[in-house]
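To start, the structure itself, in structure tokens.
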2 protein chains.
Amino acid sequence: MTREVGARIRALREARGLSLSALAAEAGIGKGSLSELETGRRNPTLDTLYAVATPLGVPLAALLDDHDGAVIGGGGVVATRVRVLRETDRTTEVYLLRLAPGAVRTSPAHAAGVEEQLIVVAGHGLVRYDDRTVALAPGDHVRFAADRPHAYEAGPDGELEAVNVIVTPSSGQLDR
Amino acid sequence: MTREVGARIRALREARGLSLSALAAEAGIGKGSLSELETGRRNPTLDTLYAVATPLGVPLAALLDDHDGAVIGGGGVVATRVRVLRETDRTTEVYLLRLAPGAVRTSPAHAAGVEEQLIVVAGHGLVRYDDRTVALAPGDHVRFAADRPHAYEAGPDGELEAVNVIVTPSSGQLDR
DNA sequence: GTGCGGCGTTCTGTTTACAGAACACTGTAG
DNA sequence: CTACAGTGTTCTGTAAACAGAACGCCGCAC
């Protein structure tokens with residue numbers, strides 16, 4: 001996570017032809033801090049992130065990569081965010097999940113009212129929610145409330161690939 | 001800044017009917033940390049922000065409020081982000097600036113290629129860039145390269161209100 | 001060759017974010 | 001009334017983010 005953010009900052013900085021020292025000076029932070037930040041060895045503070053984003057001329061979200069195409073994965077699981085649609089009453093996120101054979105993706109409980117759906121594109125596996133375990137095969141569709149812990153698990157003999165849609169209700173005052 | 005983020009977290013938490021203790025437990029952080037974070041007395045770490053965003057079921061950007069309608073101001077200056085349009089080759093941001101009488105908004109140099117425009121809606125003031133000082137009156141329009149430090153200044157006898165458009169070229173690898 | 005200015009990294013002491021405990025407060029049960 | 005389980009706050013020691021200095025490296029001038 002910090003590694004990705006750091007790499008993104010370095011890419012943005014180099015794209016602008018700025019030296020590390022120059023960006024640190026513009027941002028008003030120590031260049032040692034920026035060096036360790038870019039190499040992912042620091043867990044930056046909100047202040048620091050903001051200080052860096054400003055002279056780079058990008059919104060903070062660009063550093064966090066919280067947009068379409070974000071890749072969240074790790075540990076045999078790759079989740080590519082295909083689409084985020086923020087509407088007044090709900091946010092819908094679409095991911096393409098790919099799990100290596102045997103890999104498990106566990107999710108903590110989301111907020112109340114969050115619903116997940118899954119359509120298997122390829123491979124076999126399991127999804128666990130509540131006390132149920134449901135087998136997954138290509139073409140299968142699952143829908144469940146995601147306000148409890150749940151997990152996806154790829155079968156042992158092949159990659160599991162699936163489309164995952166998460167709908168989060170906005171509970172009123174999310175947007176103003 | 002930390003104050004705004006904290007307030008937003010508290011609003012999201014209460015909207016979901018979660019107690020502070022419960023959210024802290026779900027996020028895996030100390031409840032003292034969350035308390036001080038929500039009251040704006042802490043400058044949270046990237047890890048902490050991410051830990052809090054996850055059980056709330058929102059993307060990180062929702063906590064940072066890096067979207068349309070964001071209010072950036074402070075110190076006699078209020079900047080309301082009216083619109084952000086992110087395209088493949090450039091990002092365009094539109095702000096409505098309001099400066100209290102005598103207030104000054106200084107900007108550090110943005111990245112190379114960034115261009116700003118200003119249309120004065122009401123009031124009088126000055127804009128400084130390069131070595132030039134240009135007077136502003138209602139209806140006036142200014143356009144300049146923002147890759148050098150620049151400043152807006154409201155006149156002494158009334159609020160200055162203006163539309164500010166900032167165009168940042170994407171320099172290739174910003175989006176992937 | 002010797003300087004010297006720039007680069008990014010690593011090192012130093014100070015500040016502070018962190019987890020968790022102790023705390024004060026409120027409502028409910030008995 | 002006391003006991004208690006819940007709330008959010010403030011306190012305490014530890015880990016780490018911070019600014020800035022010191023360092024090693026490279027390229028260029030001379």
Side-chain angles (χ1 to χ4, degrees), chain A residues 1-56 58 60-61 63-65 108-109 111-112 147 171 173, chain B residues 1-56 58 60-65 108-109 111-112 147-148 171 173:
Chain A
M1 174 90 191
T2 55
R3 226 176 166 73
E4 293 167 32
V5 172
R8 215 161 294 124
I9 290 173
R10 175 155 291 186
L12 285 168
R13 172 173 68 77
E14 292 179 345
R16 280 162 180 64
L18 285 171
S19 75
L20 189 148
S21 324
L23 178 58
E26 275 196 70
I29 67 172
K31 65 175 178 166
S33 305
L34 182 56
S35 173
E36 296 191 347
L37 203 174
E38 287 191 354
T39 48
R41 265 171 302 159
R42 274 267 251 289
N43 171 25
T45 280
L46 181 57
D47 271 4
T48 303
L49 287 172
Y50 189 76
V52 171
T54 304
L56 284 175
V58 299
L60 255 181
L63 301 185
L64 305 173
D65 209 1
D147 54 359
S171 56
Q173 66 246 60
Chain B
M1 175 88 193
T2 55
R3 227 179 166 71
E4 293 168 32
V5 172
R8 214 161 296 126
I9 291 173
R10 175 155 289 186
L12 286 167
R13 172 172 68 76
E14 292 179 344
R16 280 161 179 66
L18 285 171
S19 75
L20 188 146
S21 324
L23 178 58
E26 274 197 70
I29 67 171
K31 64 175 180 168
S33 304
L34 183 55
S35 173
E36 295 191 348
L37 203 174
E38 286 191 354
T39 49
R41 264 172 302 159
R42 273 267 250 291
N43 172 25
T45 279
L46 180 57
D47 271 4
T48 303
L49 287 172
Y50 188 75
V52 171
T54 304
L56 284 175
V58 298
L60 254 180
L63 301 185
L64 305 173
D65 211 0
D147 54 0
R148 302 163 174 286
S171 56
Q173 66 245 62

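Naming convention: chains lettered A, B, ... in sequence-line order (proteins, then strands); numbering from 1 in each chain.
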Worksheet item: Hey, mind stepping through A:Leu49 and B:Leu64 against side chain to side chain contact (heavy atoms under 4.5 Å, CB included) and telling me if it holds?
Response: CA-CA 11 Å; A:Leu49 287 172; B:Leu64 305 173; over 6 Å; no

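- Pairing each heavy atom of B:Gly40 with each of B:Thr2, the nearest pair is O-OG1, 3.5 Å.
- One finds no side-chain N or O of B:Thr45 lying less than 4.0 angstrom from the OP1 or OP2 phosphate oxygen of C:dA17.
- Among the atoms of the strands shown, only primed sugar atoms or phosphate atoms (P, OP1, OP2) are found under 4.0 Å from some heavy atom of A:Ile29.
- Of all the heavy atoms in B:Leu46 and B:Leu60, the pair that sits closest is CD1-CD1, 4.2 Å.
- Residue B:Leu34 contributes atom CG, which lies 10 Å from atom P of C:dC18 at whole-angstrom precision.
- Note on B:Ser33: a base of the nucleic acid sits closer than 4.0 angstrom, heavy atoms only.
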Item to complete: Take B:Val52 and B:Leu12 through the test side chain to side chain contact (heavy atoms under 4.5 Å, CB included) and record every step on the way to the result.
Response: CA-CA 10 Å; B:Val52 171; B:Leu12 286 167; over 6 Å; no

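- Nearest nucleotide to the side chain of B:Arg10, out of D:dT10, C:dT10, D:dT9: D:dT9.
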Fill in: Contact letters for nucleotides 23-28 of chain C, in which S counts primed atoms plus P, OP1 and OP2 and B counts the base, heavy atoms under 4.0 Å
------

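- Neither OP1 nor OP2 of D:dT9 sits under 4.0 Å from any side-chain N or O of B:Thr39.
- Residue pairs that meet the salt bridge (charged side-chain N to carboxylate O under 4.0 Å, His left out) test with at least one member in residues 27-43 of chain B, sequence neighbours left out, are B:Arg10-B:Glu38, B:Arg13-B:Glu38, B:Glu36-B:Arg42.
- Note that the CD1 atom of B:Ile9 and the CG atom of B:Leu23 stand 8.0 Å from one another [nearest 0.5 Å].
- Nearest approach of A:Asn43 to B:Asp47, heavy atoms of both residues: OD1-N, 3.0 Å.
- Nearest to the side chain of B:Arg41, among D:dG8, C:dC18, D:dT10, sits D:dT10.
- A:Leu37 has its CG atom 12 Å from the P atom of C:dT9, to the nearest Å.
- The side chain of A:Arg42 sits closest to D:dA17 out of D:dA19, D:dT9, D:dA17.
- As rounded to whole Å, 16 Å separates atom C1' of C:dG6 from atom CG of A:Leu23.
- Taking the side chain of B:Leu20 as heavy atoms from C-beta on, and the options D:dG8, D:dA17, C:dT10, the nearest nucleotide is D:dG8.
- Side-chain proximity of B:Thr48 to D:dT9, C:dT10, C:dC18: nearest is C:dC18.
- Two residues, B:Glu38 and B:Asn43, neighbour DNA chain D, and the one matched to the more 5' nucleotide by heavy-atom proximity is B:Glu38.
- Distance CG (B:Asp47) to P (D:dA17): 8 Å, rounded to an integer number of Å.
- Considering only the side chain of B:Ser19, D:dG8 comes nearest among D:dT10, D:dG8, D:dC18.
- Going from atom CD of A:Glu36 over to atom P of D:dA21 covers 16 Å, rounded to whole Å.
- Judged by distance alone, with hydrogens and angles left aside, the side-chain atoms of B:Thr45 form no donor-acceptor pair with the main-chain N or O of B:Thr48 at under 3.5 Å.
- Between C:dG8 and A:Ser35, no contact under 4.0 Å exists linking OP1 or OP2 to a side-chain N or O.
- Taking atom CG of residue A:Leu46 and atom C1' of nucleotide C:dA17, one finds them 13 Å apart after rounding to whole Å.
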